[in-house]
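Note sheet for the following structure.
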Protein chains: 2
Amino acid sequence: MSLLDPLIAKLGSIGHLSESDRNLLAALPITVRNVGANQPVVHQGDLPKSSILVISGILSRFQELTDGGRQLVSFHLTGEMPDLHTLYIRKMDHSLVALKDSVIGHVPHDAIHAAVSASSSLMALLWRATLIDAAIFRQWMTNNGRRGPAAGTAHLLCEIALRSKVAGGLYADGACDMPFNQQQLADALGISLVHANRTLKSLKERGIALIERGRLRVLDWEALQTAAGFDPTYLHLKADS
Amino acid sequence: MSLLDPLIAKLGSIGHLSESDRNLLAALPITVRNVGANQPVVHQGDLPKSSILVISGILSRFQELTDGGRQLVSFHLTGEMPDLHTLYIRKMDHSLVALKDSVIGHVPHDAIHAAVSASSSLMALLWRATLIDAAIFRQWMTNNGRRGPAAGTAHLLCEIALRSKVAGGLYADGACDMPFNQQQLADALGISLVHANRTLKSLKERGIALIERGRLRVLDWEALQTAAGFDPTYLHLKADS
DNA sequence: CGAAACGTTGAGCTAGTTCAATCCTGGTGG
DNA sequence: CCACCAGGATTGAACTAGCTCAACGTTTCG
């Protein structure tokens, strides 16, 4: 039982992990830290020397606009590394915040670099993780653009549900954590707070899905998927996809 | 003088390329092909066994929605590899099209994999290239979302101008290629064709920038940057950023 | 209990959409 | 050389999705 287990599980869900890669990961040095809800973790402009691992809780990345507006660009569940990209892009062009009380670990870049040069299969898997990240960005782009608010919201809910399911244990009885307030949901979809509220209301009234006390409950998975135009291909969950 | 020179130049613009890495790149096998404007290059669902290099021209990636709408998610200038990510994510979750008559090369994955395992610095640079891609996605997400149509359009123009400038020779006398029609511009920004037209009109009337015969002409760089809230950090053009 | 944060609702307004016509440009065939 | 055509650009006008403003309800937690 290691603090790195969530990472091992996550990487195992997107590709094959050999015994030796598993050991390499388990041996990574990690410094644990608690962060409270809405606490900043990394700032735009920072030059991190380590990458964050989400051990429990949920983090989110966001860009801040000159007019004070915010665009959330991603959220990160247990086992994910939100700023893994700082391995090869030193300067943060966005910020990282905890959406609920979370436990995170700092893993020094040096150690990851060493692990990556020791195993090309591990390198491939970590690279793949950042590529899946990018695939998710593409979908969010569409959520904010052509897909439109209604379908975009549904798409985001589909994604959260599925990613939680895959993360193992985070999805049960048709429900999973989704500790965003409606302002944050709006900031992820590029719509107004009021409109986010009304979109959720509509999903609830149609018996499709609802959010209560920070948890997403999916009532009709088929309908939600249809409303979203959701195709899970982009999450590349199978090693051969 | 090799067909791989554009790639070497591109990678050199985002990091340091050693002599031996340069040689590794120059030795990559490549099959050249001409594609006409609006011709598809790779389709959603494909499982490519090679990656594309843009030798000249401009390509674009896009997602197709169930209602027939399109979301452009990126465009790619000379020296870029639009589907480099298929190295570690086999299945295309979007399509690739040429926006103007272009010359492209196919570089087999096998050869790239071999080069990457031969040189960890080259691996780092290619990985970095995909990470910068992702950083651009984040900005486009904001273009489609919180930034709003006016600033988003300006931001896109800034990005095209700067990337063309860096690509070397593509930007001269305040102008560079930008062979999108207004429908494609609208599809990149998630707005209507009419609105895209009016946004461009406004930029022209204010003496900031204009598009004529497939070329972008920047009249007032300062004003364009201000209108966009443009901060070039995200392009990570310097090796230490 | 009371305060603070979050969620919900109504009403009026506006940015952006749709529809549809017209104009412009470059390319083609006679 | 010119008439014609197709794709793209531009414009006007009516409409509406989504926004802002502002109030009020609800939950959480000290």
Side-chain angles (χ1 to χ4, degrees), chain A residues 36-39 60 65 67-72 97-101 143-154 157 177-206 209-217 227, chain B residues 36-39 60 65 67-72 97-101 143-154 157 177-206 209-217 227:
Chain A
N38 302 313
Q39 248 185 267
S60 171
L65 304 186
D67 68 355
R70 277 188 178 193
Q71 175 78 48
L72 302 199
V97 69
L99 292 184
K100 60 181 286 198
D101 292 350
N143 283 348
N144 276 275
R146 263 294 126 73
R147 193 125 55 202
T153 304
L157 299 190
D177 270 359
M178 188 174 148
F180 312 177
N181 64 33
Q182 297 185 346
Q183 181 62 62
Q184 289 163 333
L185 188 69
D187 286 342
L189 292 162
I191 61 179
S192 72
L193 165 64
V194 172
H195 196 54
N197 178 284
R198 291 193 167 124
T199 306
L200 288 178
K201 183 184 175 188
S202 158
L203 284 173
K204 190 196 302 184
E205 284 173 353
R206 288 187 288 155
L210 57 85
I211 297 179
E212 48 179 8
R213 262 169 286 116
R215 285 184 68 78
L216 163 65
R217 177 170 300 280
Chain B
N38 302 314
Q39 250 186 264
S60 172
L65 303 186
D67 68 355
R70 279 188 176 194
Q71 175 77 48
L72 303 199
V97 68
L99 292 184
K100 59 181 289 195
D101 292 352
N143 283 348
N144 277 274
R146 266 285 170 287
R147 191 126 58 204
T153 305
L157 300 190
D177 270 1
M178 186 172 150
F180 313 176
N181 64 31
Q182 297 185 346
Q183 181 63 62
Q184 290 163 333
L185 188 67
D187 286 341
L189 292 161
I191 60 179
S192 72
L193 166 63
V194 172
H195 195 55
N197 177 285
R198 292 195 165 121
T199 305
L200 288 177
K201 184 185 175 188
S202 157
L203 284 172
K204 191 195 301 182
E205 283 174 353
R206 289 187 286 155
L210 57 85
I211 297 178
E212 49 179 7
R213 262 169 287 117
R215 286 184 67 78
L216 162 65
R217 178 170 299 281

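Protein chains get the first letters and strands the later ones, always in sequence-line order, with residue 1 at the start of each.
- Expressed to the nearest 0.5 Å, how far CD of A:Glu205 lies from CG of A:Leu210 amounts to 11.5 Å.
- For A:Arg198, the side-chain hydrogen bond (donor to acceptor under 3.5 Å, both in side chains) criterion is met by no residue, not counting sequence neighbours.
- Following rounding to the nearest Å, A:His195 (NE2) and D:dC21 (P) show an atom-to-atom distance of 17 Å.
- With sequence neighbours excluded, the residues satisfying side-chain hydrogen bond (donor to acceptor under 3.5 Å, both in side chains) with B:Glu212 are B:Arg217.
- Counting heavy atoms from C-beta outward, A:Leu185 and A:Leu200 have side chains that approach closer than 4.5 Å.
- Atoms CG and CD, from B:Leu189 and B:Gln182 in turn, are 11.5 Å apart once rounded to the nearest 0.5 Å.
- Judged purely by atom type and a 3.5 angstrom limit, A:Asp177 has no side-chain atom pairing as donor or acceptor with the backbone of A:Arg215.
- For the salt bridge (Lys or Arg N to Asp or Glu O under 4.0 Å) condition, the pairs that include at least one residue of residues 184-194 of chain B, sequence neighbours left out, are A:Arg146-B:Asp187.
- Side-chain contact check for A:Leu65 versus A:Gln71: every heavy-atom pair is 4.5 Å or farther apart.
- One axis for each end of the helix from C:dC1-D:dG30 to C:dG30-D:dC1, each built from five base pairs, and the angle between them comes to 40° at 10° resolution.
- Taking 4.5 Å as the limit, some side-chain heavy atom of B:Leu203 sits within range of a side-chain heavy atom of B:Leu157.
- Scanning for side-chain hydrogen bond (donor to acceptor under 3.5 Å, both in side chains) contacts around A:Asn181 gives an empty result, with sequence neighbours left out.
- If you check residues 183-191 of chain B against DNA chain D, you find no residue with a heavy atom closer than 4.0 Å.
- A:Arg206 pairs by the salt bridge (Lys or Arg N to Asp or Glu O under 4.0 Å) definition with nothing, not counting sequence neighbours.
- Separating the CG atom in A:Asn144 from the CD1 atom in A:Ile191 is a distance of 9.0 Å, to the nearest 0.5 Å.
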Filtered N/O pairs between nucleotides 25-30 of chain D and protein, under 3.5 Å:
none

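- Atom-to-atom distance recorded for A:Ile211:CD1 and A:Thr153:OG1 is 9.0 Å, nearest 0.5 angstrom.
- The nearest whole Å value for the distance from the CG atom in A:Leu193 to the C1' atom in D:dT20 is 11 Å.
- Taking 4.0 Å as the cutoff to heavy atoms of chain B, we find the contact window on DNA chain C bounded by C:dG16 to C:dG26.
- Of all heavy-atom pairs spanning A:Ala188 and A:Leu72, the tightest one is CA-CB, 3.8 Å.
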Might you list the N or O atoms of the protein lying below 3.5 Å from N or O atoms in nucleotides 11-15 of chain D, with each pair's distance?
unit_1	atom_1	unit_2	atom_2	d
D:dT11	OP2	B:Lys201	NZ	3.3
D:dG12	N7	B:Arg198	NH2	2.6

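- Scored by the side-chain hydrogen bond (donor to acceptor under 3.5 Å, both in side chains) test, B:Gln184 finds no partners at all (sequence neighbours excluded).
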